[in-house]
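Here is the structure we will look at.
A quick note: this is a predicted structure, and the numbers were derived from the prediction, not measured. Values reported hereafter were calculated over all heavy atoms of this structure, with side chains retained and with hydrogens, waters and symmetry mates removed.
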Amino acid sequence: MRAISMQDNLGTEAEGSRMKHNEADAELDSSLGSSAEQTPRMNVLPGIAEQENSLRVHAEQVLQKEDSRSLEASPDNSFTEMKNLLHELRVHQIELEMQNEELKRAREEIEDSRSRYFDLYEMAPTGYFTLNDNGVILEANLTAAGLLGTVRSDLIGRPFSRFIPREDQDLYYSLRRKLLESSEPQNCELQVMKKDGSVLWVCLAALLRQNAENLPVCRIMATDITLRRLSEEALQESETRHKAMIANISDVIGIIGCDGIIRYKSSNVEKYFGWRPEELVGADYRVIVHPDDQELVQTAFLSILTTPGTEKMIEFRYRCKDGICRAIRLSAMNLLHDPAIGGMLVNYHDISAQKRAEAELRDAKEAAEAANDAQRQFLANMSHEIRTPMNGYMGMLQLMEQTQLTDEQKEYVRISKVSTNALLVIINDILDFAKLKAGKMGLEKRLFSLKPLVDDVVSLFRISAAKTGVSIEVCLAEDIPATLSGDPFRLRQVLSNLIGNAVKFTNAGWIRVSAGLSDAVGDQKIKLSFLVEDTGIGIPEDRWHTLFRMFSQADDSDTRKYGGTGLGLAISKGLVEMMNGEIWLQKKEGAGSCFRFTVVLDEDSSAGGMEKQSVSNCGAQKITMKRNLLLAEDDEMSIKLMQYYARRVGWNLTLAENGKVAADLLLQNRYDAILMDVQMPGVDGLTATRMIRKVEEPMNRHTPIIAMTAYAMRSDRERCLNAGMDDYLPKPLNMEDLFAAVEKWCSRRQA
């Protein structure tokens, strides 16, 4: 039974081996692509097949009879022989299984390679087309279809030329002709049309091959180069534009190496300097530099080359081909780190016209300044020549007013004083105009109170306004600080101009002067806002834009009723702007006009007293002390006036006809003060003052010197004080101011 069992097992194994062998043969036939009838089975061990069949048949018979002894009694095969045959069969089975495994692996590798090939073919970044000899598309990969914006089925069977724009058809047919004639690979770049009508640039690489039927086919590889072509076109356009710009700009571009050799010159160098680029490239840079400027340029170049990235700008004279030199501003940058430059990038900018314009502007400026100085000097001289006789005239009127006069004589004196004051206002306006125009106007800084200042100004016009039935009202805000710091004289001048105009153009009604705090500006500074309003004739709106111009008047016709120089508002505007404010005409309903202006002043926080700005009250006091004074004056009228003043108050007056005499007298005598005219023959007052201070210094003496001059500009006052004078009184002199100044300085000296 054991033998039968073993036999059964062997028979089962043999049958399994046979089945597996048949399956392996079938798989092999399938992998090779042929049927079992077409491909003969491989006989691995010759002679084994027949024994295998015989053994298999006998084993089946034994299994059917289930008689183990029949196996032992087999006349043809002993048990041992059968066992050997089964063993050989087993070995053969194993070999077949191994060969089957190898065939399976080979098939899998072939399938994997085939899959990879088709993946690469279909998904390649290049479009592949196969065309027959008539140019009809036979095959195309997915990339080719995507390139043309369509599906593969729309490509197969269509001529490739249908996807070529008309303007590139000749190029495509030329490529095919060359390919067929020479059988050599051909390349070209042309445009193809997508399904939506848009075009793109491709590079075609064409090869001639034969198919399985030995027919010629054309294999085309199409690579999208649209971005490259667009970049090239943009670059070409940029280069063209760059060249055009360089050719047309006024600057010349160049490159200079470390050895000083010119490596590059832009083409426009011939246009501006006469040199052709090839004449300069390879030459030393000094050929274009004026000999006197070569050291300057060389120093600058050395400085630039020693520091990478440095940029420097210099000006020198560029020598043109015709020998003429032009003024050049050169900008040079160290670009040694850039291999494309390898030296200095230089930019030559022709500034010859600019230099000529600067020279012309400088000459014009100097001429304008000279004319301005001449004008200022002329006005100053005219002021001096007018003020000197006016000093005597007004002084005599003041003296006459203090004598016993009849009512008729008093009226004559009053009219004369009004006329001289009006003339003095005109002279002062002209001087202020000259000072503003020349930028010589300055501001003083003193402590003052606003209310007395406004009241003083209004009082000057109240009588003349009352004669026409016009009232003047004053309204000052209560929150205005009691003490302010600024220039009260200039503020008074602005108010006087505005109130004076209001009185002039108002025949009935009222004039209102208001002031209050405006926006705070910090740092103990305040902004005051003033309003001067009237019910007068008003100003036509079409004249508003000219109100603050020099010599401009609201009524400039030949039949104008109201006089004036037309400088008051222009001067007021200049003064207000100097005080960091602004002035304008405010729209007013009904008749009349309304002027508003602002000024910025300092708020005085000290609790001390305030310096008095008006000395007229001091002069009103009776002078009781005798003063020993030295008068340096050459004008006869002014001398007589001062002698009258001296007799009136009891001064002892010594006369010196020029500065030299005054200095000599001071060495011989002691004086309480010196009244010094500025313009005198021989030695003028300024020179005499310097001589006196130099003489007094070693003696530890200081005699007060009060300037009395018809030069009334601010610069004149500063010149006097800088020369060593102690005070300054402009002519025509006010008698009260003169008395106050003398008492002030004499009292200080005694103290």
Do you know which two heavy atoms are closest between [X] and [Y], and how far apart they sit?
X    : Y    : answer
G135 : L131 : O-CD2, 3.7 Å
L179 : C218 : CD2-SG, 3.3 Å
R152 : A140 : CD-O, 2.6 Å
R158 : R162 : CD-NH1, 4.0 Å
A145 : L155 : CA-CD1, 3.7 Å
W275 : V269 : O-CG1, 3.3 Å

Distance from [X] atom [atom1] to [Y] atom [atom2], nearest 0.5 Å?
X    : Y    : atom1 : atom2 : answer
I304 : C258 : CD1   : SG    : 11.5 Å
S161 : R176 : OG    : CZ    : 7.5 Å
I261 : L280 : CD1   : CG    : 11.5 Å
M344 : K312 : CE    : NZ    : 11.5 Å
C188 : L190 : SG    : CG    : 4.0 Å
K355 : R329 : NZ    : CZ    : 6.5 Å

Side-chain donor-acceptor pair present, [X], [Y], cut-off under 3.5 Å:
X    : Y    : answer
E311 : S331 : yes
E358 : Q354 : yes
E97  : Q93  : yes

Does the distance from a Lys or Arg side-chain N to an Asp or Glu carboxylate O, for [X] and [Y], drop under 4.0 Å?
X    : Y    : result
E184 : K178 : no
D170 : R166 : no
K265 : E270 : no
E279 : R276 : yes
R105 : E109 : no

Could you tell me if the side chain of [Y] sits less than 4.5 Å from the side chain of [X], heavy atoms only?
X    : Y    : value
P159 : I137 : no
L200 : K194 : yes
I314 : I328 : no
D292 : R317 : yes
E189 : L204 : no
T226 : V202 : no
V199 : V192 : no
F316 : H290 : no

**Message:** So, using salt bridge (charged side-chain N to carboxylate O under 4.0 Å, His left out) as the criterion, who are the partners of R326 when residues are at least two apart?
**Reply:** D350

Can you tell me if [X] has over 12 outside heavy atoms packed within less than 6.0 Å of its [atom1]?
X    : atom1 : answer
L230 : CG    : yes
E295 : CD    : no
R228 : CZ    : yes

Main-chain N/O of [Y] paired to [X] side chain as donor or acceptor, under 3.5 Å:
X    : Y    : result
Q169 : I164 : yes
Q186 : L175 : no
D154 : I156 : no

**Asked** How would you list all residue pairs meeting side chain to side chain donor-acceptor pair (under 3.5 Å) that involve residues 124-143, not counting sequence neighbours?
**Response** T130-R219

**Prompt:** Could you give all pairs that pass the side chain to side chain donor-acceptor pair (under 3.5 Å) test and reach residues 197-217, with sequence neighbours left out?
**Reply:**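 Output for this query lists D196-S198.
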
**Message:** Measuring centre to centre across the rings, with the benzene-like ring taken for any Trp, is Y348 within less than 6.0 Å of Y272?
**Reply:**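 Not under 6.0 Å, so no.
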
**Prompt:** When you look at I288 and F273, which way does the side chain to side chain contact (heavy atoms under 4.5 Å, CB included) test go after all the steps?
**Reply:** CA-CA 10 Å; I288 59 173; F273 303 121; over 6 Å; no

**Request:** Anything under 30° is parallel, anything over 60° is perpendicular, the rest tilted; go ahead and classify F160 against Y172.
**Result:** tilted

**Request:** List the steps, then state whether side chain to side chain contact (heavy atoms under 4.5 Å, CB included) holds for D363 with E360.
**Result:** CA-CA 5 Å; D363 293 342; E360 292 173 0; 5.6 Å; no

**Request:** Decide yes or no on side chain to side chain contact (heavy atoms under 4.5 Å, CB included) for I255 and V346, but give the supporting numbers first.
**Result:** CA-CA 6 Å; I255 297 176; V346 293; over 6 Å; no

**Request:** Dump the intermediate steps for side chain to side chain contact (heavy atoms under 4.5 Å, CB included) on M313 and L330, then the final yes or no.
**Result:** CA-CA 6 Å; M313 189 175 294; L330 179 140; over 6 Å; no

